[in-house]
Amino acid sequence: MDPAERTELVARHTEEVVTEAELAALFDERDSPSVYIGYAPTGEMHIGHYTTIRKLADFIEAGLEVTVLVADLHAHLDDAKSPFELLEARSAYYRTAIEAMIEAAGADPAGVEFVRGTDYQLEEPYTLELYRLLAGTTLSRARRAGSEVVRQSENPNLGGLVYTLMQSLDVAALDADIVYGGIDQRGIYMLAREQLPERGHEKPVCVFAPLLSGLTGGKMSASESGSKIDLTDDDGTVAEKVQAAYCPAGELEDNGVMEYLRYLVFPVFEERGEALVVERPAEYGGDLSYGGYDALESDFVSGELHPADLKPAAAAAIADVIAPVRERLLEASTLLEDAYPETYG
RNA sequence: CCGCCCUUAGCUCAGACUGGUAGAGCAGUCGACUGUAGAUCGACUUGUCCCCCGUUCAAAUCGGGGAGGGCGGACCA
């Protein structure tokens, strides 16, 4: 694969690449650049995580060295979202869930290196560098960088600010050429691009995934169960949620159903060589079949494809794509129970 | 160490002074209308009033104690 193809593969289905020229240059000078993505093991993972993780399959195919950081300390630093006692159990759950998603996306999880935050963030070199960063960063700068990521409140903890600087430092500690994350992470990684060169590290190339809309219209909300598909949802639950989803005919804005098809279902189906079949009553023109997203989008926008016909097909496809992940999670008997005793205990 | 303030529905809060077993907005649920959903109408649901003890016929409300959270003062060799 030539550098241009690799660049294209890494950049597809993303929200933004900072900068695409730097990415291309990286492939020119190196055989296997490294990329890392970090997850703080807090709440249960859902379809939004899955769409982001699916791209790791592209990274592997493009020949990148992929590292997934399970940022356990971060999960506690951000307003104690995860109690300190549950960090171990939630880290185990995140790792298993992420591996299952990579595998379900058609890639080999063995090609991904997993690292825990506590593996290196308590070591002296890291800690020392963190203190130096703390001394050299203003309150307002750190606050601004983390404002889209760290929980905001009237009386924020210091942890949220340390969180932000640690994440910036992680790029250097993990020696990543590329950082990958949702577009909400932009502020933190722009801070990293600013700080790291001053401290003798390379400026990381940033690849940002889009944040998908929730099924109820606006942003996907972790606290609103109807707005997202959980990885543990069975086919019936997925069908109900998609059926109830906001999905105005012909409109793509805030349309979670269309976004999930675009960023999750079709990439996985293409990998498998499958098409999306939409069953439609003869009265409205009979069944349809789509080999890719673009054709479906143009039919949807033109009005040829009605939401009422699309929804059942989309629900079945989504359920199909998450099924292997759900099975993997449920067969690990105490994984969920240990990580979320309130919900599964 | 001292003082002051806050804690009521899933969320934001009213009610407390002048005791009579609790309200609004948002959210949620269910119908109507759309070949989906939303929007719009129509209806409905929701509570250890932070905990304990006391006063009283009666306590979210008054008194005492405690817990959690917030703010300020003092100390500064």
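Values below: all heavy atoms of this structure, side chains included; hydrogens, waters and symmetry mates excluded. Given the structure is predicted, the values throughout are model-derived calculations rather than measurements. Chain identifiers are assigned alphabetically (A, B, ...) following the order of the sequence lines, protein sequences preceding nucleic acid strands; residue numbering begins at 1 within each chain.
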For [N], which nucleotide in any strand shown is its Watson-Crick or wobble partner with both distances under 3.5 Å?
N      : answer
B:rC75 : none
B:rA39 : none
B:rU18 : none
B:rG54 : B:rC62
B:rC33 : none
B:rG47 : none
B:rC26 : B:rG10

message: From the set B:rU36, B:rG70, B:rG35, return the single nucleotide nearest to any side-chain atom of A:Asn155.
response: B:rG70
- prompt: Is the backbone N or O of A:Val321 less than 3.5 Å from a side-chain atom of A:Tyr50, with the two atoms forming a donor-acceptor pair by type?
  reply: yes
Using the [atom1] atom on both, measure [N] against [M] and round to a whole Å.
N      : M      : atom1 : result
B:rU12 : B:rC2  : P     : 32 Å
B:rC26 : B:rC33 : C1'   : 24 Å
B:rU7  : B:rU48 : C1'   : 14 Å
B:rG63 : B:rA16 : P     : 14 Å
B:rA77 : B:rG69 : P     : 32 Å
B:rG25 : B:rC41 : P     : 14 Å
B:rA22 : B:rU8  : C1'   : 8 Å
B:rC30 : B:rG66 : C1'   : 44 Å

statement: Between A:His74 and A:Gln121 the two heavy atoms that sit nearest each other are CE1-NE2, 3.6 Å
- request: Pick base, sugar-phosphate or nothing for A:Asp254, based on heavy-atom distances below 4.0 Å to the nucleic acid.
  value: nothing
query: Any side-chain heavy atom of A:Asn255 within less than 4.5 Å of one from A:Tyr246?
result: no
message: Quick check: do A:Leu261 and A:Leu296 have side-chain heavy atoms less than 4.5 Å from each other?
response: yes
Whole angstrom value for the distance that separates [atom2] of [N] from [atom1] of [X]:
X        : N      : atom1 : atom2 : result
A:Tyr284 : B:rU34 : OH    : P     : 12 Å
A:Gln243 : B:rG35 : CD    : P     : 15 Å
A:Asp309 : B:rU34 : CG    : P     : 18 Å
A:Leu305 : B:rG35 : CG    : C1'   : 13 Å
A:Leu252 : B:rG38 : CG    : P     : 19 Å
A:Met258 : B:rU36 : CE    : P     : 18 Å
A:Tyr246 : B:rG38 : OH    : C1'   : 6 Å
A:Glu240 : B:rU36 : CD    : C1'   : 15 Å

- request: Could you check A:Val179 against A:Val207 for side-chain contact (heavy atoms from CB on, under 4.5 Å), going step by step and ending with a plain yes or no?
  value: CA-CA 6 Å; A:Val179 298; A:Val207 177; over 6 Å; no
message: Is it the case that the side chains of A:Asp299 and A:Tyr290 hold a donor-acceptor pair, with the cut-off being a distance below 3.5 Å and no angle test?
response: yes
